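What follows is a short report on a single structure.
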Amino acid sequence: MPTITLPDGNNIKFQNEVTGLEIAEKISKSLAKQALIISVNGELKDLYHIIKKDSLIKIFTAKDPEGLEVIRHDTAHIMAMAVQELYPGTQVTIGPVIENGFYYDFARKEPFTEDDLKKIEKRMSEIIDKDVKTRREVWKREKAISHFKKIGEKYKAEIIESIPNNEELSIYHHGDTWYDLCRGPHLVSSGKIGKAFKLTKVSGAYWRGNSKNEMLQRIYGTGWANLKDLNAYLKRIEEAEKRDHRKLGKEMDLFHFREESPGSVFWHEKGWALFQKLIDYMRMKQDNAGYKEINTPEVLDRALWEKSGHWEKFGANMYTSITPDEKVFAIKPMNCPGCIEVFNQGLKSYKDLPIKMSEFGKVHRYEPSGALHGLLRVRAFTQDDAHIFCTEDQITKECLIVTDLILEIYKDLGFENVILKYSDRPDLRVGDDNVWDKAETALLEAVKATKLEYSINKGEGAFYGPKIEFVLRDAIGRDWQCGTLQVDFNLPGRLGASYIDKDGQKKVPVLLHRALFGSLERFIGILIENYAGKFPFWISPLQTVVIPISDEFDNYAIQVSKKIKDEGISSFVDLKKHNLNYKIRDHSHAKIPLLLICGKKEVDSNSVTIRRLDSNKQENMDLNLFLKTFSALNKASSN
RNA sequence: GCCCUUGUAGCUCAGCUGGUAGAGCAAUUGAUUUGUAAUCAAUAGGUCCGCGGUUCGAAUCCGUGCGGGGGCACCA
């Protein structure tokens, strides 16, 4: 005689044991229709799960995240069913729900094609139309293993073998012919899935995520509660594609890549202007924060990298170079050893600490070819790097100062939403564990003091110390990892850095590594996508284009442009033999923030007519007022 | 690095089952002197990614290398 308590506190008494579906029917017809899944005392269960005892329940529909998740999970199952029906001999492995959808990994010799996806979708649709019933069974471990082995599903058997002994093994049947080992829960029948799904792509994926294992074929799909949500999602993807920095970079003539140097950027005039603006800005910020800028060699003797530990721990990613007399040098993958060498030059006192040295250092890392991705993952990049040499007592405070600076700079560049990722010691590392203990404690303390949201990534620190990474969220809700702050008790000692302490003794300083943009290249990629190429005025690579109405006004336009440049604003005069409409279209596509039109009216009144990007309003302004107004707007704080 | 996919003019792309290439935009030349998103006309432009093979004949088929894209792995 269970008493069922609903989320609103109301009770329903039942004479006999009861299922979620029966409870839903008792509450209302429409709920019974919409119900997908139930939670019983906080645990998600199938709707036909039998409740015998008094319970607190909640029924979920497609409007709830829990409901949507089950829809996606069932869609993955139905996809696997369709695949095995269409392509006998294909083995199933795992098929989890992911953000916006699901995937399923299959083992099959022949590759799946785009055409296959359409066929599979069609078959899925048929299975959904048939509304096949779901049934749950509990199997004995031995039975399950031998059964899956017998039918040639060696991956399933392997999965079961790795499930702990005390766990219940549930098998879900969808209809009479297909079943899969699964924790569940699932919908009562395939018809509940609806038709708001789409198979999106096929790719390779290693069995159990390990690159030493064989490669399986993964089919990705997206799934939603209704067609409206599905279409909204597809629309979002389309919008994101329009912002693709590789596409915009080409259209806006910012940079290009070419075969001769995969993963290295050929910066064009405008892209380089943007690059330099970011450096100028950062230089100003760092100067105010007490950093001293240095510069160190790009090519350094192998012996230094052996001493620092890079040769051993990072060698696989390093470019090397052999001189005609057969000496081995490495092209720097990091700036830290060079910077420590600068610190080492001359005697340092505790009174000098903290010493903050910044360097816009270009580093080269031989990344796997498959990792390369436009500006976001390159083989040669410029870090806005800095190294802070300090005492142990100063760590937490200095970390906080760095964090404040980072947040201030992200805000200036349009990113207000920042979270932290804290990573501790990796397997491949240098230094004793008690040193790591100290470094981790100090950094975690700083993380907590920022009061920002943070996550902990076990074992993902740098080989010389723990780190935090700064993740920022862009205009369309995507997360990007940019800045980093690392505490290092190892490298300074390895490279012989020291200062004279109060007691006259030599001590090894602690080193904080930090980069705010991380990589200038990558950060520019993120900026392009965040702003969809429409940069704020101050950072725009070409801020103004002056357009004379006809060649009669060329001279005036040239003069105007010159005066604009005198104010430190970039400007180009378009004297080409094209009409005004043509030029407006051309420069609007190039996403120039301000077009300045000059004709008789402007010459007579010493003014310009402004057309702002994405506006067709005409705004006439006295030239001197224009210069005054926009030179005031030409800085980060006016963002 | 691994799986799949892809590589034609400066750019975006067309070229069915093999018969040595086309369009639009851009460029050049000429005409038009223009007031807010493409003025008109003419001309020129190609090692069809490289190498090898099949074939009387390859942009097209096969092999291989390199590059791009989507994932996986990697991201110190």
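In what follows, every chain begins at residue 1, and chains take the letters A, B, ... in the order their sequences are listed. What you see is a predicted model; the values in this text were computed from it and never measured.
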Centroid-to-centroid, A/H256 to A/F266, below 6.0 Å?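 Yes, ring centres under 6.0 Å apart.
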
Aromatic ring proximity, centroids under 6.0 angstrom, A/H310 and A/F463: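 That pair passes the under 6.0 Å test.
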
OP1 or OP2 of [N] less than 4.0 angstrom from a side-chain nitrogen or oxygen of [X], does that happen here?
X      : N     : answer
A/H373 : B/G70 : yes
A/K250 : B/U12 : yes
A/K201 : B/G70 : no
A/S369 : B/G1  : yes
A/R246 : B/G68 : no
A/Y220 : B/C72 : yes

From [atom1] of [X] over to [atom2] of [N], roughly how many Å is that when rounded to an integer?
X      : N     : atom1 : atom2 : value
A/R258 : B/C66 : CZ    : C1'   : 14 Å
A/M215 : B/C74 : CE    : P     : 11 Å
A/F463 : B/C74 : CZ    : P     : 19 Å
A/L376 : B/C74 : CG    : P     : 19 Å
A/F106 : B/C72 : CZ    : P     : 16 Å
A/E259 : B/G69 : CD    : C1'   : 14 Å
A/F257 : B/C49 : CZ    : C1'   : 19 Å
A/F470 : B/C75 : CZ    : P     : 20 Å

Please report the distance separating the [atom1] of [N] from the corresponding atom of [M], rounded so that it comes out in whole Å.
N     : M     : atom1 : value
B/G52 : B/G70 : C1'   : 29 Å
B/A38 : B/G1  : C1'   : 47 Å
B/G19 : B/U60 : C1'   : 11 Å
B/G15 : B/G24 : C1'   : 15 Å
B/U6  : B/C49 : C1'   : 11 Å
B/A58 : B/C48 : C1'   : 11 Å
B/U47 : B/G10 : P     : 8 Å
B/U54 : B/C62 : C1'   : 7 Å

Please evaluate the base of B/G71 for a donor-acceptor partner in the side chain of A/Y206 within a cut-off of under 3.5 Å?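 Between B/G71 and A/Y206, which were checked side chain against base, a qualifying N/O pair under 3.5 Å is absent.
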
Within the modelled atom types, does a donor on one side and an acceptor on the other bring the side chain of A/R377 and the base of B/C74 under 3.5 Å apart?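 By the distance-only test, yes, there is a pair.
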
Which part of the nucleic acid, if any, lies within contact of [X], taking any heavy atom under 4.0 Å across all strands shown: a base, the sugar-phosphate backbone alone, or nothing?
X      : result
A/S211 : sugar-phosphate
A/N210 : nothing
A/F314 : base
A/E114 : nothing
A/A462 : sugar-phosphate
A/P111 : sugar-phosphate

If [N] has a Watson-Crick or G-U wobble mate with both distances under 3.5 Å, name it; if not, just say none.
N     : value
B/A26 : none
B/A44 : none
B/U39 : B/A31
B/C74 : none
B/G67 : B/U6
B/A21 : none
B/A58 : none

Of A/Q481 and A/P262, whose closest RNA chain B nucleotide lies nearer the 5' terminus?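 Nearest nucleotide further toward 5': that of A/P262.
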
Position toward the 5' end of RNA chain B (nearest nucleotide), A/G209 or A/G461: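 Upstream on the strand: A/G209.
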
Tell me which donor-acceptor pairs under 3.5 Å the side chains of residues 585-593 of chain A have, and how far apart each pair is, sequence neighbours excluded?
{"residue": "A/H587", "atom": "NE2", "partner": "A/D574", "partner atom": "OD2", "Å": "2.6"}
{"residue": "A/S588", "atom": "OG", "partner": "A/I584", "partner atom": "O", "Å": "2.6"}

Is the ring pair [X]/[Y] parallel, tilted or perpendicular, if the boundaries are 30 and 60 degrees?
X      : Y      : value
A/F537 : A/F630 : perpendicular
A/Y531 : A/F415 : tilted
A/H578 : A/Y582 : parallel

When you measure from the centre of the six-membered ring of A/F102, is the NZ or CZ of A/R72 under 6.0 Å away and within 45° of the axis?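 No, A/R72 does not lie over the aromatic ring of A/F102.
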
NZ or CZ of A/K201 within 45° of A/Y220 ring axis and under 6.0 Å: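 A/K201 over A/Y220 ring: yes.
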
Between the side chain of A/E469 and the main-chain N/O of A/C482, is any donor-acceptor distance below 3.5 Å?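 Pair absent, no side-chain N/O of A/E469 close to backbone of A/C482.
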
Taking protein heavy atoms under 4.0 Å as touching, what does nucleotides 35-42 of chain B look like 5' to 3' if B marks base contact, S marks sugar-phosphate-only contact and - marks none? BBBBS---

Please tell me if the side chains of A/F470 and A/T403 come closer than 4.5 Å, counting only heavy atoms from C-beta onward.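 Sidechains of A/T403 and A/F470: in contact.
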
Could you give me the CA-CA distance, side-chain angles and deciding distance for A/S607 and A/N620, then say whether side-chain hydrogen bond (donor to acceptor under 3.5 Å, both in side chains) is met? CA-CA 7 Å; A/S607 67; A/N620 188 261; 3.2 Å; yes

